[in-house]
Amino acid sequence: MQENILEVRDLNISFSNYGKTSKVLRNVNLNVLRGERVSLIGQSGSGKTVTMRTIIGTLPTPPAIIESGEILYERKNLLALNRIERNKIKGSGISIILQDPLLSFNPVLTILRQMEDIIKYSDVRRGLSRGHKERKELICETLAKVQLFDNERILDSYPIMLSGGMRQRVLIGMALLNQPKLLIADEPGTALDVTTQKEILDLLNMLVANEGLSLLFITHNLGVVREMADRIYVMQSGKIVETNHRENIFNTPQDPYTISLMESVPPLYGKKVIDVKNSNPIPDEMIKISNLTKSFPVRTGFLNRITSENHAVKSINLSINDGDIFGIAGESGSGKTTIAKILVGLHQPSAGQIRINKSNLEQLVELKDYRKLIQIVYQNPGSSLNRKRTIAQILSVPLKFSDYTDKMIKDRTNELLNMVDLPISYSSMYPHELSGGQKQRVAIARALSLKPKIIVLDEPTSALDVLVQGTVIDLLQRLKKELGLTYIFISHDLSLMRNFCNKIAIMFKGEICESGETKDIFSNPKHLYTKALISSIPVISDLEESLKPKVTDEERSMVLQNTRKI
Amino acid sequence: MFTYLLKRTVTLLLVFIGLAILIFIIARIVPGDPARIALGPLASAQQVEEMRQEMGLNDPFFVQLWNYLAGLVQGDLGKSLLTSRPVIDDILGALPATFELVLFTVFLQITLSIPLGVLAAVYRDSWVDNFTRIISLIGVVTPGFVLAIILQLLASYQFSFFPVTGRVDPGLNFEPDITRLILIDSLIKGRSDVFIDAFSHIFLPSIALAAAGIGQVMRITRSAMIEVSRFDFIEASRAYGIPERVVTFGYMLRIASVAPLTILGLEFASLIGNAFVVEFVFSWPGIASYGVRTILQKDLNAVIGVVLVSGIFFVFANLFIDILLGIIDPRHRIREGSSK
Amino acid sequence: MTQPSGQELNSERDLGQQRSLTSGQMAWFRFRSNPSSIIGAFIVLSVIFLAIFAPLIAPSPQSAGSFVDFINRHSPPSKDFWFGTDNVGRDIFSRVIFGYRVSLGLVIGVLGFAVPFGVFLGLLAGYFGNWTEFVIMRFTDIMLAIPPLAMALAITAVLSPNLINAMIAITMLWWTWHTRLIYRIVKAQMNEDYVEAAKVSGASHFHIMFRELLPNCVSAISVKISLDAGFVILFGAALSFLGLGVQPPTPDLGTMVSTGSEYLPEYWWEALMPGLAILYAILGFNLLGDGLRDMMDVEV
């Protein structure tokens, strides 16, 4: 029988806010064995971060109140220790990797200084005295462990000068500096692109195995859990609802919440995959993009002179048919949003041509009726809906600037709310009174208000919780069928696109590297980047894993070398 | 860093040139004939006309502006209409006293308000916080001249150590001829008696002048500290075992000091403005007393000179703060210096 | 994946609301639990009340003018003269009450022009960017380099000192702070998608500036106005104190401090009482502004 390195017993925590007390953790029990990888999975607000903070001792009290419970680390109850004893464990026994690699750094100190500080003060605690040279040697060794070798440059840099993937690596290195025994990782890699995320997760797995660490991995992503855990805890509103070994959770989930989580992940391969087809038997060409290029000037130096041009998109050729759900996939900075903005007339193309319904975009944009042709739904409804305006006011804007009278506006607004399954009484509410999913419904309703033929969907579900994502996708599908819309669906979520789009284009560094029928791209990807991208997607079954295209680590890093900004 | 500094310098220089032009335009559009003011009401129309000619008032506007700017570059601010001495000489005579007062005031503001702000943030919602909050409120809401009068009253009844007028006791026979700042020169020359006397003179006016800034900067430091304390990296640093003392003073304060320093720079013009009142109350022999006098007598050239010199003060203070911010927060210079 | 039933929608909504109260409740809680904002509101209301009903409240309304009562000159604060009397025997308390009329008139005059003007320029600069932003923001930068008191002094001196000219002088300098504030907020708001969404909806510039962006500035503006009111009073008093604001015999707090200070330290009340009266009003507006700031959770 292996021994526990960490055990959380009957932890109860509540928060007191504005005179109201609410319970955030209820009888949480959790343990991590020596050398074991344990995952804690839950949606935002489920209490997983509170659990993490209580363990590492950074939970602010007040407003938090630890009502009862014990946290045993190597049989010592952390909650009963005094501050000095507690600090001894910080950084040496337990170490953490936080979610956002940029925000986890001190922005005004160089990497070297930050890493040296960690060693310096841990030495003070342990009564050691290592000199600057020895400290730097240790730092370089640690950086080598996280596969970073350009040490001089990295150590002299400030955090904002490094790329996201590099930052995440340095951050893991920082967590390792004091030879911890237990590593707590809070959603590492979530802020990164999937290909980079894949590398980071592989690295983490390797380190845990090589260094004999225990890992408590906190995430909301089921696919990631499958790769990162031996045992899993599922958390919902402050309670552990299910715990089991990985195979059991994925093969025979018991709790209804776990089951709904599993069902909310769109399948990438296998029988459950939905092959989407264009509903029109002989569709007409709706949008024709030829040789589209958009570049932004790069200004440098003292006089702000334009020294070079940054190509956001380069020589794009696309053809989108009436009734398509056309997916444009790519990682951040690939140029997919630039295409969206050009289509709705917010950017002018630098070169190339776009024809919609056989008319030139340049001429169309000048027309007032252009708004009745194409509309857009943004990623984050919290940002795309003005929080100081009521739902009715928000919905009326497009109508007001078209030829609607006040009476017609009111009728149309109600009609729109109906279409997106929201009660008419919501029209007098403000966005903050609605949930994330409801807000996105309002945003969709606004896009529909002028009865457009084309809607650009710019990551419409990625700001939402997975369980809500499904309902929004269902709504979009129903609306398309009812209104005969054409969608341009921009996303980085390939599993979702597999089941939602009939055609797809993969973008890479401003260019389209591959496009065609969704089914074909996934079953037989041709471009190395497409393969690397699909193979990096975390999936939730062995079957899907086995059907993913195979890419060697070498090939993947070749692709990454190409994307990584230094 | 170099590009960053160059950019900031040029921006501030532009501000100054803009200020010079703006002041000139205002001076020319206000009613009242400068020549008439210079000569007094009894002068004949012909005398006034000759004076206008001599002062260049009959030249086209742009010629006047050009002559004025060209003079400015050579440090020529024209002649005072009343004393008939070059304005620049009058101002340079009064400048050190004001410079000393303002410098000492800023010194007080920084050394008092930032530590108190940090304390308030560290002991948030405790009695320390409430106490500093009251102090800062009193500072912010008490008008400089009311505080000056209260301090004078207190000094004349209770604390006779603090004189209520002047800069230094003339009986001490001290000539500040090195930096022209008495506090510093007396230290250099080893005259502790002069230093103590000068300190007792400058203390009350500085407090009256500093109070508003102390209150404001204290609150800003507090809220900046609280904001920084919510950053992820603070949590990470604690979890990596960095001692609380280092997290607070080494990490948090460094970032949190950007906001109060920026405010000090922005409010610098107000500080000089308030110095007008405080110098007036304490009969401080500075540029402000000179300014009020010339303004009351509608001595236009002198007024322009005073405002411009204040502008130079402002520009240098802000340049200094920009350099400081560039050192404190490398993101400033990275962002401004390189691409995008 | 099925159609969301009404019940599901409700539970989805609960999810969002569970963790926080509505923002209105939170705001009210913040205001109520902060005794200083209540005190601030009380002080401001009392000042406004005194100013409006000055002729009815003042024990000696004639003291507001060039009334002379040499028998009672320089009397210290007493039952008859709460704040004492001045060098010609006028009741200082009555004069203070009338002085609040002048102070509040100044506040209304200055902020009535400076706020709309400053806000408008801030909206323009933040919304249009490019050269509009360059011109407006550089101009405010220049204005910020001018010591406000020196500038106001110069303007009133040249234009002859009186209340209206003091108002003009202060207004000319005051708008810059509002421009900067609104510019900063609008700049931040421009990163929000709703501005772009409005453009795509075909909304006019006017609509986006005044219907979309302005409502997001309102809470900051109201906090700023409350804080400003105190500082305008202070500023006007400082001008009068130097002899360049309101002229006698109009009862103005700054002028009263100035005249009173000639009789320091023996007749201390003559300068101190009007001084404290200024302090009281500024304190009220400040506490109220702070309270509003906490309540609406805005940075000003």
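So that the names make sense, note that chain A is the first sequence line, chain B the second, and so on, each numbered from 1.
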Practice task
Indicate whether any N or O donor in one side chain lies under 3.5 Å from an N or O acceptor in the other, for Thr259(C) and Glu270(C).
Solution key: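 Per modelled atom types, Thr259(C) and Glu270(C) side chains form no pair under 3.5 Å.
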
State, yes or no, whether a side-chain contact exists between [X] and [Y] at a heavy-atom distance under 4.5 Å.
X	Y	value
Phe16(B)	Phe314(B)	no
Ile233(C)	Tyr100(C)	no
Leu22(B)	Ile146(C)	yes

Below 4.5 Å from any heavy atom of chain B, which atoms of [X] appear? Answer side chain, backbone, both or neither.
X	value
Leu283(C)	both
Ala237(C)	both
Asn286(C)	side chain
Phe235(C)	neither
Leu272(C)	side chain

With only heavy atoms counted, which part of [X] is less than 4.5 Å from chain C, the side chain, the backbone, both or neither?
X	result
Arg219(B)	neither
Val15(B)	both
Val140(B)	both
Leu266(B)	both

Problem - Arg138(C) charged N/C atom sitting above Phe134(C) aromatic ring, 6.0 Å / 45° - result: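 Flagged: Arg138(C) positioned over aromatic ring of Phe134(C).
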
Practice task
Name the option with the most non-hydrogen atom pairs under 4.5 Å to chain C; the candidates are Val303(B), Ile149(B), Ile272(B).
Solution key: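 Most pairs with chain C among the choices: Ile149(B).
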
Handout entry: Winner by heavy-atom pair count (cut-off under 4.5 Å) against chain B, out of Gly230(C), Ala152(C), Ala238(C)
Key =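 Of the candidates given, the most pairs with chain B belong to Ala238(C).
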
Practice task
Please report the closest heavy-atom contact between Asp252(C) and Val102(C), naming both atoms and the distance.
Solution key: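 Closest approach of Asp252(C) to Val102(C), heavy atoms only: OD1-CG1, 3.5 Å.
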
Practice task
Quick one: pull up CG in Leu253(C) and OG in Ser240(C) and give me the separation to the nearest 0.5 Å.
Solution key: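 The CG atom of Leu253(C) sits 8.5 Å away from the OG atom of Ser240(C).
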
Practice task
Tell me, yes or no, whether the heavy-atom count around Tyr280(C) atom OH, taken from other residues, nucleotides or ligands under 6.0 Å, exceeds 12.
Solution key: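 Yes.
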
